[in-house]
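Basis for what follows: all heavy atoms, side chains included, without hydrogens, waters or symmetry-related copies.
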Amino acid sequence: MHARGPIAAINDFVVKFANVNGSGSASANELFARSILRMGVPVSPRNIFPSNIQGLPTWYEVRVTEQGWLGRRGGVDMMVAMNPQTWAQDVREIDTGGYLLYDSTRPIPPSDLRTDITVIGVPLTAICNETYSDVRQRQLFKNIVCLGVLSWLFEIDPKEIERLFGEQYKGKEALLASNVRALNLGRDYARDNIDPATCQLRVRRADAVGDRIFVEGNSATALGCVYGGATVCAWYPITPSTSVAEAFQSYCRKLRHDPETGEARYAIVQAEDELSAIGMVIGAAWNGGRAFTATSGPGISLMTEFIGLAYFAEVPAVIIDVQRGGPSTGMPTRTQQADLLSCAYASNGDTKHVLLFPEDPKECFDFAAAALDLADRLQTPIFVMSDLDIGMNFRLCRPFEWDDSRRLDRGKVMTAADLDAGKTFGRYLDVDGDGIPYRTFPGAHPTKGAFFTRGTSKNRYAGYSEEGPVYVDNMERLLRKFETAKTLVPGPERRDAAAATRHGVIYFGSTSPSMAEALDRLAASGVPFDALRVRAFPFAGSVKDFIDAHDSVFVVEQNRDGQLGSMLVNEIGVDPARLVPILHYDGTPITARFIVKAISSHLEQTLSIERRLIHT
């Protein structure tokens, strides 16, 4: 046995399942996570899956965390290894003192194991072969038998799993009974054959979940679009954004049909490609609808020309970018924050677009609804910069809130009454200095308020012009509008250390949960940090103030090239030497361990240099 001894923990450990895609493991793995959640203990699951349909490796990682840390911790306390293809890799990943649970129907050579972990073999295949005659049932119920073993080892209340079965198979009693039977097969085997002291990881009932909800970011985004008044969704399937459109369709079927006539009050179009999708969104919005599309990095690349048209012609559009690993096809089922530059400056020429950075499903809901208002208010494309980690994983978050008295903000729209009253209408005329002109909807008036929408240069009254001063006048007005956007987008959130510090850290989006944990761990080690979570671009003035107030500022992001750092330098003129990039881009969600190690390493190097200079 290993010198350190087995890891012992209550409500604070990481379990990782290594499976084959298409083996039916996903449902059982999610049941495992939800059963612990039902016991009042927060969990943070992450599905790591391949970009094919069946046959390649897939992993499902569950962090059990009564303290409520929802980011990836890093490391694995128990590996449930069910995939021979990835055996060696999976065994290596287990922390010293951890546990390996595997199907022992076929013996494993001692050379393929480790002496510093506890190995728990369960003949899952043999149990299922003895119990079931159908080949498919053998495979599917093997996952439930394994769940039964784990529930016994961790002391998870089996009644919670049975209740989940009941919800999943309501009205299908035969399936309910067969799943309960498979669960008990695993529990009975573990009880009769495994010493309870073998595994020292335990789940104890707690009251640490509170009123938080457990939801995927893409589903939250779709619901935010419904509440935000979206009437048109045009999209083309692409991982990891497809479920945004699918969820929007599902919600609309429930919420957007006339109760008397049954008529749909929405339009959802699966276009032939991403270029068509954004074209439909722009056309719908020009005509007065509230429209959005959902896509990912490759789709943004295809949409760029139309995005430039919407920017220059000043047509509202909302683009949900669920970011994934790039460039090109990249890693379709891995996460990154690597579309910032391509979205912020999408199109040829001088463009600047508004970006919103949600940290969790709650903000996906809030920002999706807000984006529709902002698009109308600013008459421009708005990007909601989600990513695969938020979008396709269940996350605990605060409940969604909605004020029923809230009204849609359509921005500056000149009505027929305004036109009849003699108000001057210039489609690109800035009447009050905020850079935002008035628009009219098609058909607003039989003889007034019409204009020609074009992607070419034009004057304040939408007339074609190639005159330099006219072009400059329009481009400077667009910059004023972008300045106005600073006052409308969500502001940054600051978290100051308990003690004064020279060091700051800036982060955004899905980095947030791991960053929160890393900040606490750094503070506990005597290295306090002030922190600023950026929630939108353009950046508020307080972002520069934060950087100026610190000797060095670490910029933590999940891409190779430090895209947020580049934007900070480009947009607010900070000295690049004051920004220290902390970059994570292997496609897995960033961990608190990674952040702490990277920051600590840089501080140690800096301190070493300072000591050498003093000595010299």
Side-chain angles (χ1 to χ4, degrees), residues 219-233 244 247-248 251-261 263-268 281-294 310 314-320 354-356 358 361-384 398-421 423 425 427 430-445 449 481 484-491 535-536:
S219 180
T221 299
L223 191 60
C225 289
V226 172
Y227 273 75
T231 53
V232 176
C233 169
V244 174
F248 182 74
Y251 288 129
C252 283
R253 284 172 175 167
K254 296 177 183 177
L255 304 172
R256 285 287 184 81
H257 282 264
D258 188 292
E260 295 182 2
T261 66
E263 182 180 354
R265 294 174 172 173
Y266 59 92
I268 301 174
V281 166
I282 293 169
W286 177 87
N287 205 43
R290 285 202 147 185
F292 77 96
T293 188
E314 298 179 68
V315 181
V318 171
I319 302 165
I320 312 296
V354 174
L355 314 182
L356 307 182
K362 170 67 163 62
E363 285 195 342
C364 284
F365 172 83
D366 291 341
F367 288 5
L372 290 157
D373 273 351
L374 286 169
D376 273 351
R377 179 83 175 270
L378 294 166
Q379 301 172 29
T380 197
I382 307 292
F383 291 81
V384 179
R398 292 163 292 157
F400 303 159
E401 297 174 346
W402 190 261
D403 182 355
D404 286 335
S405 65
R406 175 174 170 176
R407 294 294 176 262
L408 304 183
D409 183 355
R410 301 311 307 266
K412 294 181 178 180
V413 178
M414 194 164 286
T415 65
D418 295 329
L419 294 167
D420 283 335
K423 288 190 176 181
F425 174 67
R427 178 62 187 91
D430 184 5
V431 298
D432 50 18
D434 64 0
I436 306 171
Y438 275 84
R439 60 176 172 149
T440 56
F441 292 140
H445 194 283
K481 182 165 73 169
T484 299
K486 291 182 181 179
T487 67
L488 302 176
V489 299
R535 299 201 297 162

Can you see which heavy atom on [X] is nearest to which on [Y], and at what distance?
X    : Y    : value
S219 : A247 : CA-CB, 4.1 Å
V226 : C252 : CG2-SG, 4.3 Å
V281 : A317 : CG1-CB, 3.9 Å
P381 : A310 : CG-CB, 3.6 Å
P316 : A285 : O-CB, 3.0 Å

Which residues pass the salt bridge (charged side-chain N to carboxylate O under 4.0 Å, His left out) test with [X], sequence neighbours left out?
X    : answer
R406 : D373
R410 : D376
R377 : D409
D434 : K412

Side chain of T293, backbone of I319: donor and acceptor closer than 3.5 Å?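 Judged by distance alone, no pair lies under 3.5 Å.
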
Spatial distance of atom [atom1] ([X]) from atom [atom2] ([Y]) [nearest 0.5 Å]:
X    : Y    : atom1 : atom2 : answer
R290 : T231 : CZ    : OG1   : 9.0 Å
R535 : D366 : CZ    : CG    : 8.5 Å
E314 : K481 : CD    : NZ    : 3.5 Å
R439 : Q379 : CZ    : CD    : 5.5 Å

Once you measure the plane-to-plane angle for F400 and F365, does it fall in the parallel (<30°), tilted (30-60°) or perpendicular (>60°) bin?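 Rings of F400 and F365: parallel, under 30°.
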
Those residues that, when tested against [X], pass side-chain contact (heavy atoms from CB on, under 4.5 Å) (two or more places apart):
X    : answer
N287 : P442
A371 : V318, L356, I382, V384
A230 : C225, F248, F292, L372

For [X], enumerate each residue passing the side chain to side chain donor-acceptor pair (under 3.5 Å) test, keeping only those at least two apart in sequence or located in another chain.
X    : answer
Y266 : H257
T440 : none
S405 : D403
R407 : none

Qualifying residue, where the test is side chain to side chain contact (heavy atoms under 4.5 Å, CB included) with C364 and the options are T221, I320, V244: T221

Residue list, ring-ring contact (aromatic ring centres under 6.0 Å, His included) with Y438, at least two apart or on another chain: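 Applying ring-ring contact (aromatic ring centres under 6.0 Å, His included) to Y438 gives none.
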
Please step through side chain to side chain contact (heavy atoms under 4.5 Å, CB included) for the pair L378 and I436, ending with a clear verdict. CA-CA 6 Å; L378 294 166; I436 306 171; 3.8 Å; yes

